[in-house]
Amino acid sequence: MNKIQRTIKDSRVGNTADKIITTFQNFAHSTSAGGIVLILVTVLAMIWANSPYADSYFALWHTQFTIGFEGFALSKHLSHWINDGLMAIFFFVVGLEIKREILVGELSSIKKSMLPLMGALGGMVVPALIYFMINSGTPDLRGWGIPVATDIAFALGVLALLGDKVPVSLKVFLTALAIVDDIGAVLIIAIFYTSEISMMALYFAGGFLALLMIMNYFNVRHTVVYFILGVGLWIAFLKSGIHATIGGILLAFTIPAVGKYNKEEFCQKSNKFIEKLNSLKEKPEGEESIDYRFNVIQNLESLAEKTQSPLHRLEHFLHPYVTWAIMPIFALANAGVSLEGFSLASISNPVSMGVIGGLFVGKQLGVFLFVMIAVMLGIASLPQGVSKKQIYAVSILTGIGFTMSLFVSNLAFGASESGDYAKIGILIASLLAGVAGYIMLKMTSKQEQTQ
């Protein structure tokens, strides 16, 4: 079989493979699918933690792993590698999303950002106050940060289940609100959930951050450079006492958001490559023309890659790994709670009640009231085609805390009885918020369509 025949055959196989890959990518990028996977993994974790094999579940996450060499090694339990390591990548992607929204998205101007900013502010203040009132005067007050966070994957997943019945502007509003909410959660983690500070480690962190900023200033686009410096930044934060995931956020802010070529330059250069491809139409196909076509297409592909910003490329590349690996692994490691000794009366524990009250009641009240106040004061307006009832329905959905709430719960209580009560509260509140928000949103969407 000669080279031309192989090329034709490879092309046919490639077309079929491309269709399969495209279908999978569409599914992989579906937030609703990611939310479904998280639900399944959570159920699996709960079943495993309460099965005859429960000992293997808890033993697995306490397995000691060491990375490094003699004189410099990091030795931690598997659960710590997940919560400090994998979640740093999760927060890195969150940081990329925040930077993108600030530069060109819904947070790029005061007018655009005011509505989600006010909603997120209410969604943090009111839940924290409810938890504070229920747990005031107890050692468990430390968990006040648990109900302030929203799980964007789950919340958007519920919206996605309703498809076109929900206005796109409502989805944009929820996304922007959740991103501002993430910023607040990161600040809370950095300020209130930090152990003893090692100034020497912080000096090293500052040095790595300075180098990263210099790379950004000179528009260094090689992601390997940022990876190497980013690992150094992560280790420095890990040793500093400030949670290592903060390093992921700061690293994201240093990634260049501008491509090597602008739109005009891309069009000009790509047109030349396309003209070269068109010139081959009149020539007979042979090995020489196939090689030439391949080189032109390769140059065109390189041009497209250089036109994209490193920020966009990294966000697009890492998103599937975060959705399909990091978040499910985190859920599997953290959602498993032993129900031995638990009863309905256990839900009345102040920690559980504080989390449920904060997430399910506080979130919807805080988000909706602060949004309405912003609208009444004239500092913001409702998204086009969105009613007050739909805003309230989305406010209920923000009570789905899950991933971020579980993360803060680990920082606040660790593996303790209070931590178990908090996790029970998170699971109950998230379930209530998801079901109630979906029903409310479905009802309001039908009402809007009949009017």
Side-chain angles (χ1 to χ4, degrees), residues 64-100 102-103 182-183 185-260 308-319 321-322 325-327 329-330 333 407 410-411:
Q64 195 81 8
F65 277 91
T66 302
I67 296 178
F69 48 87
E70 188 176 351
F72 184 82
L74 295 175
S75 184
K76 290 179 174 292
H77 291 152
L78 180 57
S79 61
H80 289 149
W81 281 113
I82 293 170
N83 296 334
D84 295 343
L86 288 183
M87 288 303 285
I89 301 174
F90 167 78
F91 276 93
F92 174 67
V93 175
V94 168
L96 294 175
E97 293 174 349
I98 291 172
K99 183 173 181 178
R100 172 173 49 78
I102 291 174
L103 292 176
D182 284 342
I183 297 174
V186 168
L187 291 174
I188 288 172
I189 291 169
I191 298 171
F192 298 102
Y193 292 100
T194 293
S195 56
E196 295 181 5
I197 301 296
S198 168
M199 294 307 299
M200 181 60 68
L202 275 185
Y203 292 146
F204 276 103
F208 281 113
L209 187 60
L211 287 173
L212 285 162
M213 293 172 69
I214 291 171
M215 296 300 106
N216 178 283
Y217 179 80
F218 287 104
N219 198 28
V220 175
R221 300 172 48 79
H222 297 290
T223 53
V224 175
V225 174
Y226 292 93
F227 172 76
I228 294 172
L229 293 176
V231 170
L233 182 67
W234 175 77
I235 293 174
F237 268 104
L238 189 66
K239 296 291 187 180
S240 71
I242 297 176
H243 203 272
T245 52
I246 303 302
I249 292 283
L250 294 177
L251 172 61
F253 283 8
T254 67
I255 303 299
V258 179
K260 184 175 181 179
Q308 298 176 44
S309 69
L311 184 148
H312 178 268
R313 288 207 317 271
L314 282 171
E315 185 180 355
H316 183 76
F317 172 76
L318 290 173
H319 184 270
Y321 294 97
V322 169
I326 293 175
M327 292 180 69
I329 291 173
F330 173 82
F407 186 77
N410 284 328
L411 297 179

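Just so you know, residue 1 is the first one in the sequence shown, and it goes up from there.
For R100, the side chain to side chain donor-acceptor pair (under 3.5 Å) partners are E315, not counting sequence neighbours. Residues satisfying the side chain to side chain donor-acceptor pair (under 3.5 Å) test with S75, not counting sequence neighbours, are Q64, T66. When the ring pair (Phe, Tyr, Trp, His ring centres under 6.0 Å) test is applied to Y203, no partner is found at least two apart in sequence or on another chain. The ring pair (Phe, Tyr, Trp, His ring centres under 6.0 Å) search around F192 returns W144, not counting sequence neighbours. H80 pairs by the ring pair (Phe, Tyr, Trp, His ring centres under 6.0 Å) definition with H77, not counting sequence neighbours.
In plain terms, the two heavy atoms of G247 and F237 that are nearest each other are CA-CD1, 3.7 Å. Shown here for L233 and A205, the closest heavy-atom pair between the two residues is CD1-O, 3.4 Å. Nearest heavy-atom pair across V220 and P256 is O-CG, 3.5 Å. I255 and K99 make their closest contact through O-NZ, 2.5 Å (heavy atoms, listed as atom of the first residue, atom of the second, distance). The minimum heavy-atom distance between M215 and L229, with the atom names listed, is CG-CD1, 3.9 Å. Closest heavy-atom contact between Y226 and T254: CE2-O, 3.6 Å.
The shortest side-chain heavy-atom distance between R221 and R313 falls under the 4.5 Å cut-off. Two residues are said to be in side-chain contact when any heavy atoms from C-beta on lie closer than 4.5 Å; T223 and F317 fail this criterion. Contact annotation: the side chain of E97 never approaches that of L311 to less than 4.5 Å [non-hydrogen atoms, C-beta and beyond]. L251 places none of its side-chain heavy atoms less than 4.5 Å from the side chain of F208.
Of the inter-residue distances, the one linking F204 atom CZ with I235 atom CD1 reads 11.5 Å to the nearest 0.5 angstrom. Atom CE of M199 is separated from atom OG of S240 by 9.5 Å, given to the nearest 0.5 angstrom. Atom CD1 of residue I242 and atom CG of residue L250 lie 9.0 Å apart, to the nearest 0.5 angstrom. Here I214 contributes atom CD1 and L209 contributes atom CG; the two are 10.0 Å apart, rounded to the nearest 0.5 Å. Taking CG of N410 as the start and OH of Y193 as the end, the distance is 11.5 Å to the nearest 0.5 Å. Taken from CG in D182 to CD1 in I189, the straight-line distance is 9.0 Å, to the nearest 0.5 Å.
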For a quick test of your reading: what N or O donor-acceptor pairs under 3.5 Å do the side chains of residues 81-92 make, sequence neighbours left out?
unit_1	atom_1	unit_2	atom_2	d
W81	NE1	F65	O	3.1
W81	NE1	K76	O	3.3
N83	OD1	N334	ND2	3.2
N83	ND2	S79	O	3.2
D84	OD1	H243	NE2	3.0

